[in-house]
Amino acid sequence: MNSAADTTGAVWAVLGSAAVAGGLLSTWSPCGYSSISLLRPSGRGAKAVMGWLPTFGMHGLGYALGAVILGTLLGAIGGLAGFTGFGVTALVIMGLVGVLYGAHQLDFLRVPYPQRRAQVPHDARQRFPKWFIGGLYGLSLGLDYMTYVQTPLLYVMTLAAAFTGNIPEAIAIIALFNVGRYLPVAVNALPITDYKVQAWLARNQERAALADGAILVALGAAFLVVALL
């Protein structure tokens, strides 16, 4: 990042990659487990998958709407606060948050972990068709702070979105995070049982937390180095 001809472009590339990774790591949460388990095709075979595609599509639209709402809010707040991009102050703050929460994930220290601690409305499946539930889940999870926050990478992305001071750029950051949250549901198009998916997630729960901590520390350290050199 520091040797890049365009430091801002390098910061964006790293942020974008970390945002998608953070979204993927959010799968290891009560809501992630629940979404993959609930938003499955009804039956087996190609016909069942085709019938499931509207649910998958609505789920994506829900995530997109959530990104627009949250990104607009964060970009507007940043604009009103006078933020204009990733200057030294922004990089230092994001760097410190990354390192601190990375240490938190790796169990070296405890820091505040603000979140709503709520799940998506699981009983909605008894009241609405599956495609509607897909959209409802996508919107709930796409707003990111309406349910459990599994990865503190969301906090870094929230700061980054606000520091842009620009609504389209803020939406882009949240959208990249939401893409990572959305993609794992695509596993339901494969001929694999829900039990195997859930078992794989459970076996890799601790690895996900370690990966989360490593990414946060690396990201935070990179921002601090670039800001201070």
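All values below come from the heavy atoms of this structure, side chains included, with hydrogens, waters and symmetry mates left out. Along the sequence shown, residues carry numbers from 1.
Both Leu25 and Val111 sit in one connected hydrophobic cluster of ILVMFWY residues. Membership requires side-chain heavy atoms under 4.5 Å apart, directly or through other members. Criterion: ILVMFWY side-chain heavy atoms under 4.5 Å apart, direct or through other members. Under it, Val97 and Leu109 are part of a common hydrophobic cluster. Hydrophobic clustering, with ILVMFWY side chains joined whenever heavy atoms are under 4.5 angstrom apart, groups Val88 together with Leu96. Both Trp12 and Leu91 are part of a single hydrophobic cluster, where members link through side-chain heavy atoms under 4.5 Å apart. Follow the hydrophobic side-chain contacts under 4.5 Å out from Val187 and you reach Trp28 in the same cluster.
Contact between Tyr137 and Ser35 at its shortest, heavy atoms only, is CD2-OG, 3.4 Å. Taking each heavy atom of Leu153 and Gly22 in turn, the nearest pair found is CD1-CA, 3.6 Å. The two atoms that bring Met157 and Leu219 nearest to each other are CE-CD2, 4.3 Å, heavy atoms only. Across all non-hydrogen atoms, the minimal contact from Gln105 to Gln150 is NE2-O, 3.9 Å. Between Gly85 and Ala90 the shortest heavy-atom distance is O-CB, 3.8 Å. When all heavy atoms of Ala67 and Ile174 are compared, the closest pair comes out as CA-CG2, 3.8 Å.
Just one of Phe86, Phe83, Phe223 meets the ring-ring contact (aromatic ring centres under 6.0 Å, His included) condition when paired with Phe163; it is Phe83.
Residue-environment remark: OH (Tyr113) exceeds the threshold of 12 foreign heavy atoms within 6.0 Å.
No side-chain heavy atom of Tyr155 sits less than 4.5 Å from a side-chain heavy atom of Leu216. Here the side chains of Leu224 and Val92 are in contact, with some heavy-atom distance below 4.5 Å. Within the 4.5 Å cutoff, the side chain of Leu74 has no heavy atoms near those of the Ile173 side chain.
Note that CG of Leu154 is 3.5 Å distant from OH of Tyr145, once rounded to the nearest 0.5 Å. Once rounded to the nearest 0.5 Å, the distance linking CG of Leu65 with CG of Leu70 reads 11.0 Å. Distance check: Thr158 OG1 to Met94 CE gives 11.5 Å after rounding to the nearest 0.5 Å. With values rounded to the nearest 0.5 angstrom, Ser29 atom OG is found 9.5 Å from Tyr148 atom OH. Interatomic distance, Leu183 CG to Tyr63 OH, rounded to the nearest 0.5 Å: 9.5 Å. How far CG of Leu15 is from CG of Leu176: 9.5 Å, rounded to the nearest 0.5 Å.
Side chain of Gln198 to backbone of Tyr33: a donor-acceptor contact under 3.5 angstrom is found. Looking at Asn188, its side chain does come within 3.5 Å of a backbone N or O of Ile36 through a donor-acceptor pair.
Sorted by first and then second residue, the pairs that involve residues 162-182 and meet side-chain hydrogen bond (donor to acceptor under 3.5 Å, both in side chains), not counting sequence neighbours, are Asp144-Arg181.
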Under the side-chain contact (heavy atoms from CB on, under 4.5 Å) rule, what do Leu210 and Leu106 come out as? Steps first, then yes or no, please.
CA-CA 6 Å; Leu210 291 173; Leu106 297 172; 3.9 Å; yes

Which side-chain N or O atoms in residues 42-52 pair as donor and acceptor under 3.5 Å with protein atoms at least two apart or in another chain?
| from | atom 1 | to | atom 2 | distance (Å) |
| --- | --- | --- | --- | --- |
| Ser42 | OG | Lys130 | NZ | 3.4 |
| Trp52 | NE1 | Leu39 | O | 2.9 |

